[in-house]
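To keep things clear, I will list the structure first and then write my remarks on it.
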Amino acid sequence: MRNHDVLNAIRKSVEQDDIELIRFLWVDHNSVTRGKAATRSALSSRMESGIGLARTRQASSLLDLGQPVPGFDAVGEVRLVPDPDSFVRLPYAPGSAGMLCDLVTLDGEPWAACPRTFLKEALAAAADYEVFAAFEPEFTLCAGKPAPGRLDLLDDSLCFDNEGFDAANEYAVALVRALRAQGLEVETYHPEFGSGQHEMTLRYAPAVRAADNYVWQRAFTRGLARERGLWATFAPVPRPGMRGNGNHAHLSLWQRETAGAPAVNLFADPADELGLSALGRHFIGGLLEHLPALVALTNASVNSYHRLQPGMWSGAFGAYGFDNREAAVRIPSRLRGSESASTNIEVKTCDSTANPYLALGALIHAGMDGVRRRLDPGEPLLEDPNRLSDRELRSRGVRPLPRSLEEAVDALEQDEFMMSVLGPERRVLYPAVKRADVRDMKDMGSPADFHTHTIRF
Ligand code: GLU
Ligand code: MG
């Protein structure tokens, strides 16, 4: 019945808003949003049957080169099947709308290389809880499309600078309105560190919806910029020496609402000095245990490692801390008046080159491993790790993180738990695609590496 209502609402919107093309989109291993579109007249039948896609697309690198993974070549198809709940109109592309898809086999079964399915599998592993999440993406706004070696930043304002608000005002207001009109509620916005950097955050949501929301946010942010002759890039570091663009992931586990009892945030414990429950601590224990491998999925490009450096507030230290912006995992201070609801765990070692479904799914799997094994994360890191010597860092159990995509993929392949949750297809595909990117970027050299990521993300 509900599904029926959603489909009716889509049909109505297609008629009323004069939509001709409905994009069936998915996000590939490099976090590029791709898809095919159904026309208005074909929509009803394609909602069910989906649109065909060559399997090998999930084996393509950032340069769109198919990698030689067995079973991924000219032969074989899957289907893009849309989730009707994810339908939005694309205000920057009049006449077009979009839905986010699962990749399914010809028999209609979830496909083992589908990123959205990976997140659903992680949620199944956390089935006792409702998982809420939000992403916190930063992006750089440029006056026009960057050329190799040239980036014209829209403003030269300072961090949180009122002049930065002014410089981007028309665009920022239009973006908030466009997102809200599609049910994506923006909570905060500000110009951030360094010229041209901005951050807009959406309200938290159930995990799959949070990842979907982020995909739309990125598309709208870039689309509305292009419409105005501007360019928005979510590349971790668009130009050498710039402050990085992060995409911190926020998570909390809740007891579901029941008739008569509201949902309860199970990460919150008002009696604890950090406000965090034992469940939250075990979850962090799992994140820290698998952090070097997780980094391959949350900092997923060659460019990511220009950002993941000490002093960048990007969480380059393998530790957790209370409001510690250099620790990979931060427990943010709670908001007065909504202490319990606002308790969450923030993973700072995450950027927009990460596929949001893979990143969230991997974080949930790792956290739940900590919950199952009751892992103890040890003492939180309460000081700025940049003030500690290597010996002090070691004695506090702060782990070094991979310093390149290559090191991160090595760490992933050495982590049998993470490899097993990736499953038979992704555990082969993902490292193959990432190693191709490492090779290609090495061959192209530094300016091309920055330019490629600035254009692509
Ligand atoms: N720009 C920083 C990053 O790359 C984050 C700064 C902050 O908002 O704490 O993650
Ligand atoms: Mg920020």
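These figures come from a predicted structure and were not determined experimentally. Along the sequence shown, residues are numbered consecutively beginning with 1. For ligands, and for the atoms within them, numbers begin at 1 and follow the listed sequence.
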Does an N or O anywhere in [X] fall below 3.5 Å from an N or O of ligand 1?
X      : answer
Glu192 : yes
Arg325 : yes
Ser314 : no

Problem set entry | Sub-4.0 Å heavy-atom approach of Arg243 to ligand 1 | no
Counting from 1, what ligand 1 atoms have a heavy atom of [X] closer than 4.0 Å?
X      : answer
Lys348 : 9 (O)
Trp313 : 2 (C), 3 (C), 5 (C), 9 (O), 10 (O)
Gly244 : 1 (N), 4 (O)

For this session: Please confirm whether the backbone N or O of Ala113 pairs with a side-chain atom of Gln58, one donor and one acceptor, at under 3.5 Å?
Result: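 Yes; judged by distance alone, with no hydrogens or angles, the pair exists.
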Exercise. Has the side chain of Thr343 got a donor or acceptor atom that lies under 3.5 Å from a matching backbone atom of Glu339?
Worked result: yes
With carbon and hydrogen excluded and only N/O/S kept, which atom of [X] is nearest the Mg ion (ligand 2)?
X      : result
Glu192 : OE1
Glu138 : OE2
Glu199 : OE1

With a 3.5 Å cut-off and no angle check, do the side chains of [X] and [Y] form a donor-acceptor pair?
X      : Y      : result
Trp254 : Ser252 : yes
Arg218 : Thr221 : no
Asn30  : Asp28  : no

For this session: Please report the closest heavy-atom contact between Trp313 and Glu326, naming both atoms and the distance.
Result: N-OE1, 2.8 Å
Exercise. So which protein heavy atom does atom 1 (N) of ligand 1 come closest to, and at what separation?
Worked result: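 Minimum-distance protein heavy atom for atom 1 (N) of ligand 1 reads Glu138 OE1, 2.8 Å.
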